[in-house]
Amino acid sequence: MSKALVDHDVTPMEAVPGVIFEKRPARRPDGAIAEGLYNAWIWLDNPSQFNSYTTDMVKGVIRAFRAASNARDVVAVVFTGVGDKAFCTGGNTKEYAEYYAGNPQEYRQYMRLFNDMVSAILGCDKPVIARVNGMRIGGGQEIGMACDFTIAQDLARFGQAGPKHGSAAIGGATDFLPLMVGAERAMESGTLCEPWSAHKAYRLGICLDIVPGLKVDGKFVANPLVETERYLDEYGRIVHGEAKTGEALAKGKALLARGAVDLALLDAKVEALCAKLLVTFPECLTKSFEELRKPKIEAWNRNKENSRAWLALNMMTEARTGFRAFNEGPKNEREIDFVALRQQLAKGAPWTEAMIEALIPKAKA
Ligand SMILES: CC(C)(COP(=O)(O)OP(=O)(O)OC[C@H]1O[C@@H](n2cnc3c(N)ncnc32)[C@H](O)[C@@H]1OP(=O)(O)O)[C@@H](O)C(=O)NCCC(=O)NCCSC(=O)C1=CCCCC1=O
């Protein structure tokens, strides 16, 4: 082909600190490289803060998805995080506490970027696989559920943080969860903020597959902190994927401490899924994705603008308090005294600086 190809990207794909864009050779189902074809790997690279995304990183993710979507030689996108602790734990709480708290007009602009990030994933012309290398919490869970597939290592945990840290899971979770896991489980996740194990997330339907991530004495073992050998307890209740307790938990922790995380099986599973996607008609595949994404996209588009406005104003009150508490509170005391807040509000107390300061846990002198 002699004609120069038109570039359809809005801005050039520039490297942004905190986001890595990489093209890896696509592989056929037998493992052989498919010459001239690639999968785009988009990495959140902020492991010391559990791959939470800063404002600049959100911009980088939007650009990366746009670049992957337009790249003629890209088959599929793999979205993941650096390291083995976290896929992503959502918005950067330090930035929230130090810049956005009490600054609703700025957070409103941030939320334009956040919404564009979710829409960039949902609108990507290539299938998107979330390679869940570790925790997927808060906005991390939301951008993960915006992806078409999730493959996780089984030490990962999945959940929301909003109502504990001063937000509501309206960056996609309240749209996607009811569709993906049903209303009751969505309610549990979006309100109680108790993370699900990977086995439970797999059972409930937000993971296509999970693989062991822990290797002990050279052998992969299932997450030893959760029940994986029984499906039902003696009363017929599902226990598979629930946290172990007591002696079983102590044994599990000891086993965990003896092992090391190895993501080789995760990578093999992700490559195998990419290879399956490779051996399809490209346009028929894209059309199928576009149609199958519709329930998520329709719910997301219905709510995203109102959510943005509400989240901005909430930065004056609960988010301002909750994210500062997480950022400033001593380790293991990063949530406010919810009962004290409710007692104040029951008396009709206004949101004053003094009330906010009194609610934020302080390091003991
Ligand atoms: C439950 C946790 C995810 C993990 O807890 P734990 O295993 O105990 O690890 P930590 O010691 O807490 O974390 C390790 C270090 O990482 C830092 N960290 C973790 N998450 C973040 C984050 N989101 N931003 C910045 N830094 C983070 C943590 O401070 C530790 O560093 P240190 O130097 O102190 O050792 C737990 O970490 C947790 O709950 N994290 C916060 C989750 C959260 O609240 N996310 C934001 C949710 S809101 C959101 O994402 C939204 C998206 C768009 C719409 C609006 C919105 O609110």
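Note that ligands are numbered from 1 as they come in the structure, with each ligand's atoms numbered from 1 the same way. Treat the numbers as computed from the prediction; the structure is a model and nothing was measured.
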Quick note on ligand 1: atoms under 4.0 Å from a heavy atom of M135 include exactly 3 (C), 4 (C), 7 (O)
Can you tell me if Y107 contacts ligand 1 (heavy atom of the residue under 4.0 Å from the ligand)?
yes
- Message: So, 4.0 Å and heavy atoms of A168: is ligand 1 close enough to count as a contact?
- Response: no
Is there a donor-acceptor pair under 3.5 Å between the side chain of Q49 and the backbone N or O of S52? no
In the complex you have, is atom 7 (O) of ligand 1 within reach of the protein, judged by whether a heavy-atom distance drops under 4.0 Å?
yes
Hey, mind stepping through K244 and V226 against side chain to side chain contact (heavy atoms under 4.5 Å, CB included) and telling me if it holds? CA-CA 5 Å; K244 286 182 181 167; V226 302; 5.6 Å; no
Note to self: When you compare the side chain of K23 with that of D73, does any pair of heavy atoms fall below 4.5 Å?
What the structure shows: yes
Under-4.0 Å heavy-atom contact between protein and atom 1 (C) of ligand 1: no
Is ligand 1 less than 4.0 angstrom away from at least one heavy atom of R334? yes
- Query: For atom 20 (N) of ligand 1, is the nearest protein heavy atom under 4.0 Å away?
  - Reply: yes
Of all protein heavy atoms, the one nearest atom 25 (C) of ligand 1 is T93 OG1, 3.1 Å
Worksheet item: Hey, is ligand 1 close enough to G139 that some N/O pair sits below 3.5 Å?
Response: yes
message = Check this for me - ligand 1, E142, N or O atoms closer than 3.5 angstrom, yes or no?
response = no
Could you state whether Y53 and L311 fall into the same hydrophobic cluster, counting links through intermediate Ile, Leu, Val, Met, Phe, Trp or Tyr residues with side-chain heavy atoms under 4.5 angstrom apart?
-> yes
inquiry  = Quick check: is L345 connected to W310 through a chain of hydrophobic side chains (ILVMFWY, heavy atoms under 4.5 Å apart)?
reply    = no
Please find out if less than 6.0 Å separates the ring center of F50 from that of F87. no
Taking only non-hydrogen atoms of S167 and a 4.0 Å limit, the atoms of ligand 1 in range are 55 (C), 56 (C), 57 (O)
inquiry  = Would D84 and N133 count as a side-chain hydrogen bond (donor to acceptor under 3.5 Å, both in side chains) here? Give the steps.
reply    = CA-CA 5 Å; D84 58 28; N133 52 305; over 6 Å; no
So for H165 against ligand 1, with non-hydrogen atoms under 4.0 Å, the contacting part is side chain
Q: Please step through side-chain hydrogen bond (donor to acceptor under 3.5 Å, both in side chains) for the pair Q105 and N103, ending with a clear verdict.
A: CA-CA 6 Å; Q105 68 287 353; N103 219 337; 2.5 Å; yes
Worksheet item: Is there side-chain contact between D45 and P47, with at least one heavy-atom pair below 4.5 Å?
Response: yes
Ligand 1 to G90, heavy atom cutoff 4.0 Å, flagged ligand atoms 50 (O)
Checking heavy atoms under 4.0 Å, the part of Y53 that sits near ligand 1 is side chain
- Does ligand 1 have an atom under 4.0 Å from some heavy atom of E95? no
Residue, atom and distance of the protein heavy atom nearest atom 51 (C) of ligand 1 read Y96 OH, 3.6 Å
Side chain to side chain contact (heavy atoms under 4.5 Å, CB included) with L122: of K294, K296, E290, only one passes, and it is K296
Of all protein heavy atoms, the one nearest atom 45 (N) of ligand 1 is T89 O, 2.9 Å
The protein heavy atom nearest to atom 23 (N) of ligand 1 is G91 O, 2.9 Å
| Judged by atom type as modelled, is there a donor-acceptor pair below 3.5 Å linking the side chain of N39 to the main-chain atoms of A76? | yes
If you group Ile, Leu, Val, Met, Phe, Trp and Tyr by side-chain heavy-atom gaps below 4.5 Å, do L266 and V77 land in one group?
no
The atoms of ligand 1 lying under 4.0 Å from a heavy atom of S52, numbered in the order shown, are 22 (C), 23 (N), 24 (N), 25 (C)
Closest to atom 15 (C) of ligand 1 among protein heavy atoms sits S48 O, 3.7 Å
Residue, atom and distance of the protein heavy atom nearest atom 27 (C) of ligand 1 read Q49 O, 3.6 Å
Note: ligand 1 atoms sitting under 4.0 Å from heavy atoms of A161 are 43 (C), 44 (O)
Contact region, S307 to ligand 1, non-hydrogen atoms below 4.0 Å, reads neither
For atom 11 (O) of ligand 1, the closest protein heavy atom turns out to be K331 NZ, 2.4 Å
Mind checking whether F149 and F289 have parallel, tilted or perpendicular rings, split at 30° and 60°? perpendicular
(message) Quick check on the 6.0 Å ring-centre criterion: do Y107 and Y99 meet it?
(response) no
task: Measure up the Y96 and F323 rings against each other and bin them: parallel (under 30°), tilted (30 to 60°), perpendicular (over 60°).
output: perpendicular
Atom 36 (C) of ligand 1 sits nearest the protein heavy atom F326 CZ, 3.9 Å
